[in-house]
Amino acid sequence: MTIVLIVVIVLLLALLGAGTATVVRRNQSGLGGRPSGPTITPAEPQPDRPGGTDVVAESGEALAPPDGRPRLADRLGRAKSLFGTSLAAIRGRARIDDATFEELEEALLLADVGLPLTNRLLADLRDRVRSGEAGDSPTALLDLLKSDVVALFAGEDRELQVASDPPSVWLFVGVNGVGKTTTIGKLAAREGASGRSVVVAAGDTFRAAAGDQLAMWAERSGADIVRGADGADPSSVVFDAVQHAAARGADLVLADTAGRLHTKVNLMDELRKVRRVAARPPGTVTEVLLVLDATTGQNGLVQAREFAEAVEVTGVVLTKLDGTAKGGIVCAIRSELGLPIKLVGLGEGAGDLVPFDPEEFADALFA
Ligand SMILES: Nc1nc2c(ncn2[C@@H]2O[C@H](COP(=O)(O)OP(=O)(O)O)[C@@H](O)[C@H]2O)c(=O)[nH]1
Ligand SMILES: [Mg+2]
């Protein structure tokens, strides 16, 4: 009797599964001739990766080990030089007066700190100057400003969370071109190298090339990829990825999503659905990371609010900080959105993603 029941259940499960994850492929990225169901490409065994640390990026350079990661200070070239020039002028002044504050205001606005935060920072500095904290030294004034900048990020939890019961799902949201897929690729490499087994979910089924791009990153980092046909329901792809992760005991599902749909309402509805489905047991959504492009400056803040309202965003990944002269956007994001900045993108390579470190950031800008 029990055996009959088990057989019936197994048959039922097999039938249910047939509608979704139909094909399990090995050793190919699923390009060309794909059937309409989601495709799962298990990771290649990585014989050349004892310990899983020696991943080679496309450019051929080895992934930076955790202690050899790129430093914010080295990659903030443009932002540093713009802000640095303004600061040098202020430091060169003989005393603190109205003109000093005007110059500082201009420097902060130029760096994209944004008007509300600039006003707050300056008001605080004026108070502190009045109470004699800076003496009459512009350099001491800048030191106070630097400590205010660091204090902006105090108390934020920048740790990426995992559930006690795997698989954990990290969902990536944000408009087209901000760097979602690239960030997932970098993280798949990083998490894989630190010993976690990773499944990436190609949830951007709106753009034909998005799945191929993710497949390339998955292959490089040794992660499994689950993808659907172009135009497939992204939530079913993410659902299949979670099932696949659970079945093979993987720790982490990194889920890509579309950044554009026919309408914004469609997109937000879709993201809410993806989030709901990803959170079904055995999956636990522990991170919803909003990816923002630092080079879009204040415009990014408007998009950010829309995404934050639609899905419970747990943190921000700020990409392309290497490509902007306006490093102050980091401060604006923190103060306007109240979200922790968890990761920063400093380039296109697999190793170019670092945890955000406020002290290092301030040191670099105020150097
Ligand atoms: N310089 C730089 N380029 C980046 C960074 N992150 C992503 N990109 C590039 O931005 C472009 C769009 O990235 P993609 O991941 O496709 O964006 P998505 O549409 O949000 O998935 C690609 O050319 C990436 O190589 C970064 O931190 N620095
Ligand atoms: Mg993408």
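First listed ligand is number 1; within each ligand, the first listed atom is number 1.
For Leu346, every heavy-atom contact with ligand 1 shorter than 4.0 Å involves the backbone, none the side chain. For Leu353, no heavy-atom contact with ligand 1 is shorter than 4.0 Å. Under 4.0 Å from ligand 1, the heavy atoms of Lys186 that appear belong solely to its side chain.
Ligand 1 lies out of reach of Asp352, whose nearest heavy atom is not under 4.0 Å from it. Heavy-atom distances between Val291 and ligand 1 stay at or above 4.0 Å for every pair. Heavy atoms of Gly323 stay at 4.0 angstrom or farther from ligand 1. Distances from ligand 1 to the non-hydrogen atoms of Gly259 include no value under 4.0 Å. The shell of residues lying under 4.0 angstrom from ligand 1, judged by heavy atoms, includes Val175.
Here Ile225 contributes atom CD1 and Trp217 contributes atom CH2; the two are 13.0 Å apart, rounded to the nearest 0.5 Å.
Judged by distance alone, the side chains of Asn299 and Thr296 never bring a donor and an acceptor atom under 3.5 Å apart. Defined by atom type and a distance below 3.5 Å, a donor-acceptor pair is present between the side-chain atoms of Asp256 and Thr181.
The side-chain hydrogen bond (donor to acceptor under 3.5 Å, both in side chains) test with Trp170 is passed by exactly one of Thr314, Thr183, Thr286: Thr286. Tested against Ile90 for a side chain to side chain contact (heavy atoms under 4.5 Å, CB included), the candidates Leu104, Ile96, Thr139, Leu145 yield a single pass: Leu104. The side-chain hydrogen bond (donor to acceptor under 3.5 Å, both in side chains) with Asp352 is formed by just one residue from the set Lys186, Lys320, Arg75; it is Arg75.
The existence of a salt bridge linking Asp124 and Arg128 is confirmed by a sub-4.0 Å separation between a basic side-chain nitrogen and an acidic carboxylate oxygen. A salt bridge links Asp363 to Lys146: at least one charged side-chain nitrogen sits closer than 4.0 Å to a carboxylate oxygen.
Remark: minimum distance from atom 25 (O) of ligand 1 to any protein heavy atom is reached at Glu348 OE2, 2.5 Å. Here the protein heavy atom with the shortest distance to atom 27 (O) of ligand 1 is Lys320 N, 3.0 Å. Ranking the protein heavy atoms by distance from atom 1 (N) of ligand 1 puts Asp322 OD2, 2.8 Å first. Shortest contact from atom 12 (C) of ligand 1 to any protein heavy atom: Gly177 O, 3.5 Å. At the top of the distance list for atom 17 (O) of ligand 1, counting protein heavy atoms only, stands Gly179 N, 2.9 Å. Scanning the protein for heavy atoms near atom 15 (O) of ligand 1, the closest one is Thr182 OG1, 2.6 Å.
For the pair Arg334 (side chain) and Leu152 (backbone), a donor-acceptor distance under 3.5 Å is present. A donor-acceptor contact shorter than 3.5 Å is absent between the side chain of Lys342 and the backbone of Leu289. Between the side chain of Ser236 and the backbone N or O of Ala232, no donor-acceptor pair lies under 3.5 Å.
Among the backbone and side-chain atoms of Gln213, none of the N, O or S atoms lies under 2.8 Å from the Mg ion (ligand 2).
When each atom of ligand 1 is checked for a heavy atom of Thr181 under 4.0 Å away, the hits are 15 (O), 21 (O). Ligand-side atoms of ligand 1 in range of Gly345: 27 (O), range being under 4.0 angstrom from any heavy atom. For ligand 1 and Lys180, the ligand atoms under 4.0 Å from any heavy atom of the residue are 15 (O), 17 (O), 18 (P), 19 (O), 20 (O), 21 (O).
The N/O atoms of Gln213, backbone and side chain alike, include one that comes under 3.5 Å of an N/O atom in ligand 1.
Under the 4.5 Å side-chain contact rule for hydrophobic residues, Leu109 and Leu142 do not share a cluster.
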